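All remarks here apply to the structure that follows.
All chains are named by letter (A, B, ...) in the order of the sequence lines, taking the proteins before the strands, and each is independently numbered beginning at 1. Every value quoted in this text rests on a predicted model; they were computed, and no experiment measured them.
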Protein chains: 2
Amino acid sequence: MEEKEFLHVHEEVIAKVQEKMPEEERLYQLSEFYKVFGDITRVKILFVLLQGEVCVYDIACLLDMTQSAISHQLRILKQMQLVTYRREGKTMFYSLADDHIENILRLGMEHICE
Amino acid sequence: MEEKEFLHVHEEVIAKVQEKMPEEERLYQLSEFYKVFGDITRVKILFVLLQGEVCVYDIACLLDMTQSAISHQLRILKQMQLVTYRREGKTMFYSLADDHIENILRLGMEHICE
DNA sequence: CCACAATATGAATATCTGTTCATATGAAGT
DNA sequence: ACTTCATATGAACAGATATTCATATTGTGG
């Protein structure tokens with residue numbers, strides 16, 4: 001038998017990781033944030049809004065989906081503060097909340113296209 | 001009544017969006033890609049691997065989860081090519097596939113912390 | 001080749017998620 | 001006020017997802 005200590009758990013690694021690991025709450029928020037991008041309908045909506053503000057019905061037409069389905073998804077995007085809205089009469093115009101979102105979509109696309 | 005044509009669908013917007021919209025397949029891949037980041041366990045694993053290569057059991061210890069659960073999630077990360085592995089005897093050491101992943105995690109964290 | 005150690009896998013289950021359908025809200029014109 | 005248009009919302013159902021438990025695979029030392 002060699003002088004290897006087969007400790008099963010590598011203490012140094014454990015310690016190093018524990019030191020640098022973000023808090024549970026932050027990690028949870030991060031996963032919740034990315035979860036929003038993890039649905040094709042929401043991704044499509046975000047790409048639509050890259051072109052500027054668009055009303056609910058137009059989004060529904062573009063995605064060939066019911067107004068209700070879109071509205072539900074917009075609620076999620078709103079809650080996560082990825083989109084904002086503006087009222088004009090009966091019509092609601094949605095747009096991206098900030099340009100972080102564009103960066104995130106681009107970065108993801110880059111990874112896909114390698 | 002004003003000279004507004006209330007067409008309900010805004011043709012110019014529709015046309016503009018349709019022109020610039022990525023293909024369905026790409027959008028699907030993108031959402032599938034982000035879906036991986038949309039689970040706290042996988043996010044935790046990725047943050048662990050930011051510190052370098054770590055074996056399965058150590059990950060399980062760090063996250064206080066069963067080896068089986070971790071192994072299942074590693075399979076998904078493997079399939080999506082977010083991690084690679086190296087065998088050393090009975091032990092498998094996992095590590096991040098490339099540095100894109102670190103960028104994506106950082107970008108997400110930035111957005112959370114605003 | 002046998003026993004054990006490290007990891008992987010399959011089936012089952014409980015929970016979560018997205019769409020649909022019906023209905024509600026809210027604004028504008030008559 | 002009433003009707004219509006644009007959007008929002010609630011309940012329900014179907015499909016997806018993560019963990020658990022039991023078991024299989026693969027490598028190592030004796």
Task: B/Tyr94: ring-ring contact (aromatic ring centres under 6.0 Å, His included) partners, not counting sequence neighbours - done: B/Tyr85
N/O (side chain, [X]) to phosphate O (OP1/OP2, [N]) under 4.0 Å:
{"X": "A/Arg87", "N": "C/dG26", "answer": "no"}
{"X": "A/Tyr94", "N": "D/dA8", "answer": "yes"}
{"X": "A/Thr91", "N": "D/dC5", "answer": "no"}

Task: side-chain hydrogen bond (donor to acceptor under 3.5 Å, both in side chains) pairs, two or more places apart, involving residues 102-114 of chain B - done: A/His100-B/His111, B/Glu102-B/Arg106
Task: Partners passing salt bridge (charged side-chain N to carboxylate O under 4.0 Å, His left out) against A/Glu25 (at least two apart in sequence or in another chain) - done: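 By the salt bridge (charged side-chain N to carboxylate O under 4.0 Å, His left out) rule, A/Glu25 matches no residue at all.
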In whole Å, I'd like the distance from the [atom1] atom of [X] to the [atom2] atom of [N].
{"X": "B/His10", "N": "D/dC5", "atom1": "NE2", "atom2": "P", "result": "15 Å"}
{"X": "A/Leu77", "N": "D/dT7", "atom1": "CG", "atom2": "C1'", "result": "15 Å"}
{"X": "B/Gln79", "N": "C/dA8", "atom1": "CD", "atom2": "P", "result": "12 Å"}
{"X": "B/Gln73", "N": "D/dA16", "atom1": "CD", "atom2": "P", "result": "17 Å"}
{"X": "A/Ile76", "N": "C/dC16", "atom1": "CD1", "atom2": "P", "result": "14 Å"}

Kindly check if the number of other-residue, nucleotide or ligand heavy atoms within 6.0 Å of [atom1] ([X]) is above 12?
{"X": "B/Lys20", "atom1": "NZ", "value": "no"}
{"X": "B/Tyr28", "atom1": "OH", "value": "no"}
{"X": "A/Gln81", "atom1": "CD", "value": "no"}

- [ ] Kindly write out the residues that satisfy side chain to side chain contact (heavy atoms under 4.5 Å, CB included) with B/Ile76, not counting sequence neighbours, or none if the list is empty.
- [x]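 Scan of B/Ile76 (side chain to side chain contact (heavy atoms under 4.5 Å, CB included), adjacent residues dropped) gives B/Arg42, B/Gln73.
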Open item on the list: Once you apply a heavy-atom cut-off of 4.0 Å, does B/Phe93 come out as touching a base, just sugar-phosphate, or nothing?
Closed with: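 B/Phe93: no heavy atom of the nucleic acid under 4.0 Å.
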Open item on the list: Please classify the nucleic acid contact of B/Tyr85 as base, sugar-phosphate, or nothing, using heavy-atom distances under 4.0 Å.
Closed with: nothing
Would you indicate which nucleotide in [options] comes nearest to any side-chain atom of [X]?
{"X": "A/Thr41", "options": "C/dA28, C/dT19, D/dT9", "result": "C/dT19"}
{"X": "B/Lys35", "options": "C/dA5, D/dC5, D/dT17", "result": "D/dT17"}
{"X": "B/Asp39", "options": "D/dT9, D/dA18, C/dA27", "result": "D/dA18"}

Quick one: which protein N/O atoms are closer than 3.5 Å to N/O atoms of nucleotides 20-22 of chain D? Pair and distance per line, please.
unit_1, atom_1, unit_2, atom_2, d
D/dT20, OP2, B/Thr66, OG1, 3.3
D/dT20, O4, B/His72, NE2, 3.2
D/dC21, N4, B/Ser68, OG, 2.7

TODO: Hey, could you give me the CZ/CG distance between A/Phe47 and A/Leu62, rounded to the nearest 0.5 Å?
DONE: 14.0 Å
Task: Five-pair end axes of the helix from C/dC1-D/dG30 to C/dT30-D/dA1, angle between them (10°) - done: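 Roughly 20°, once rounded to the nearest ten degrees.
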